[in-house]
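Worksheet: one structure, shown below.
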Amino acid sequence: MLDSSGAHVVLASSSDENHPPENITDGNNKTFWISTGMFPQEFIIRFPETTNISTVIMDSYNIKHLKIERNTSSNATNFEPVTQEELGRTEGHLQLNSISLKGCSATHLRFIITEGYDHFVSVHRISVKT
């Protein structure tokens, strides 16, 4: 669970009071952040210190195309690309994705959702393996 490690969402392109961005890092895939229906959508997670990340595990719904970028500065600026993923469509259940980041180091990870299978997408849980 990322929030117990001190990681938290510092920016999200949209917010719904019933499904806030903080739900992404609470470790519970029954809570979630939901987009507002336009693309691209993005959110940024900040780690308390620079962290080596081998894999991101993401539980989501209706995300078609995802980009992940990183930086190692104290500010959430000057990101560089890490990976792009085309996620498979699921009907009636969550997309369970394990995305390799090949041990990159990051202070911030930016997740950019460029396309969805529907107007709205949701992110239920993000965790990392170091």
Side-chain angles (χ1 to χ4, degrees):
M1 176 163 71
L2 284 180
D3 62 354
S4 66
S5 71
H8 60 281
V9 176
V10 293
L11 178 137
S13 55
S14 61
S15 186
D16 176 303
E17 66 182 40
N18 295 317
H19 306 289
E22 299 78 37
N23 288 347
I24 293 170
T25 59
D26 71 1
N28 180 357
N29 69 9
K30 294 190 185 327
T31 63
F32 55 91
W33 168 76
I34 192 165
S35 71
T36 55
M38 300 189 59
F39 297 100
Q41 293 283 327
E42 71 177 66
F43 58 91
I44 298 173
I45 295 175
R46 177 182 170 82
F47 297 91
E49 58 189 29
T50 301
T51 304
N52 289 322
I53 302 167
S54 66
T55 306
V56 168
I57 296 140
M58 183 170 82
D59 299 348
S60 58
Y61 193 68
N62 274 338
I63 295 175
K64 185 173 185 180
H65 190 261
L66 173 72
K67 295 180 185 179
I68 300 176
E69 299 177 344
R70 70 163 185 122
N71 83 10
T72 55
S73 71
S74 58
N75 298 318
T77 58
N78 301 322
F79 285 86
E80 60 184 51
V82 178
T83 191
Q84 294 187 60
E85 298 286 326
E86 194 82 19
L87 306 183
R89 185 178 197 137
T90 57
E91 291 291 334
H93 61 277
L94 295 179
Q95 297 164 302
L96 307 176
N97 296 286
S98 181
I99 303 164
S100 174
L101 298 191
K102 301 175 180 76
C104 78
S105 58
T107 306
H108 296 90
L109 286 180
R110 177 164 59 183
F111 296 78
I112 304 167
I113 303 161
T114 58
E115 193 175 355
Y117 289 106
D118 198 349
H119 298 293
F120 298 94
V121 300
S122 59
V123 178
H124 294 248
R125 186 173 62 98
I126 298 261
S127 61
V128 298
K129 290 183 181 175
T130 55

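As the structure is a computational prediction, the values presented were derived from the model and not from experiment. One is the number of the first residue; the rest follow in order along the sequence.
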Inset, instruction - Consider only side-chain heavy atoms of I, L, V, M, F, W and Y, link residues closer than 4.5 Å, and tell whether I112 and I34 are in one cluster. - result: no
Legend entry - Distance (rounded to the nearest 0.5 Å) between I45 CD1 and I24 CD1: 6.0 Å
Inset, instruction - Would you indicate whether the side-chain heavy atoms of Q41 and T36 approach each other to under 4.5 Å? - result: yes
Inset, instruction - Go through the structure and list residues passing side-chain contact (heavy atoms from CB on, under 4.5 Å) with P20, not counting sequence neighbours. - result: E22, N23
Side chains of residues 95-103: which donor-acceptor pairs under 3.5 Å do they make with residues two or more places apart or in other chains?
{"unit_1": "Q95", "atom_1": "OE1", "unit_2": "S60", "atom_2": "OG", "d": "2.9"}
{"unit_1": "Q95", "atom_1": "OE1", "unit_2": "Y61", "atom_2": "N", "d": "3.4"}
{"unit_1": "Q95", "atom_1": "OE1", "unit_2": "N62", "atom_2": "N", "d": "3.3"}
{"unit_1": "Q95", "atom_1": "OE1", "unit_2": "I63", "atom_2": "N", "d": "3.1"}
{"unit_1": "Q95", "atom_1": "NE2", "unit_2": "I63", "atom_2": "O", "d": "2.7"}
{"unit_1": "Q95", "atom_1": "NE2", "unit_2": "G88", "atom_2": "O", "d": "2.9"}
{"unit_1": "S100", "atom_1": "OG", "unit_2": "K102", "atom_2": "N", "d": "3.3"}

Legend entry - Residue list, side-chain contact (heavy atoms from CB on, under 4.5 Å) with H65, at least two apart or on another chain: K67, Q84, E86, T114, E115
Legend entry - Residue list, salt bridge (Lys or Arg N to Asp or Glu O under 4.0 Å) with E17, at least two apart or on another chain: none
Legend entry - Polar side-chain atom of R46 near backbone of S74 as donor-acceptor pair, under 3.5 Å: yes
Inset, instruction - Give every residue pair that meets the salt bridge (charged side-chain N to carboxylate O under 4.0 Å, His left out) criterion with at least one member in residues 116-130, sequence neighbours excluded. - result: D59-R125
Legend entry - By side chain to side chain donor-acceptor pair (under 3.5 Å) - contacts of S15 (at least two apart): none
Legend entry - Side chain H8, main chain G6, donor-acceptor under 3.5 Å: yes
Inset, instruction - Keeping the roles fixed (side chain from S14, backbone from S35), state whether a donor-acceptor pair exists under 3.5 Å. - result: no
Legend entry - Qualifying residues under side-chain contact (heavy atoms from CB on, under 4.5 Å), relative to N78, sequence neighbours excluded: none
Legend entry - Residues which pass salt bridge (Lys or Arg N to Asp or Glu O under 4.0 Å) with E80, listed by chain and number, not counting sequence neighbours: R70
Inset, instruction - Please check if L87 and F39 belong to a single hydrophobic cluster, counting links between Ile, Leu, Val, Met, Phe, Trp and Tyr side chain heavy atoms closer than 4.5 Å. - result: yes
Legend entry - Residues forming a side chain to side chain donor-acceptor pair (under 3.5 Å) with T90, sequence neighbours excluded: none
Inset, instruction - Would you kindly say whether S13 and E42 are connected by a side-chain donor-acceptor distance under 3.5 Å? - result: no
Legend entry - ILVMFWY clustering at 4.5 Å (side-chain atoms), partners of L11: V10, I44, F79
Legend entry - Distance-minimising heavy-atom pair for V9 and P21: CG2-O, 3.5 Å
Inset, instruction - Measure across S105 and N52 and return the closest heavy-atom pair with its distance rounded to 0.1 Å. - result: CB-OD1, 3.2 Å
Inset, instruction - Could you tell me which residues satisfy side chain to side chain donor-acceptor pair (under 3.5 Å) with H124, sequence neighbours excluded, listed by chain and number? - result: S122
Legend entry - Co-membership, hydrophobic cluster, residues V128 and F32, 4.5 Å side-chain: no
Inset, instruction - List for me each residue that meets ring-ring contact (aromatic ring centres under 6.0 Å, His included) alongside F43, sequence neighbours excluded, and say none if there are none. - result: W33, F111
Inset, instruction - Walk me through it: do T50 and T107 pass the test side chain to side chain contact (heavy atoms under 4.5 Å, CB included)? - result: CA-CA 4 Å; T50 301; T107 306; 3.0 Å; yes
Inset, instruction - Could you tell me which non-hydrogen atom of A7 sits nearest to which non-hydrogen atom of F47, and how far apart they are? - result: CB-CD2, 3.9 Å
Legend entry - Donor-acceptor pair, side chain of S73 and main chain of N75, under 3.5 angstrom: yes
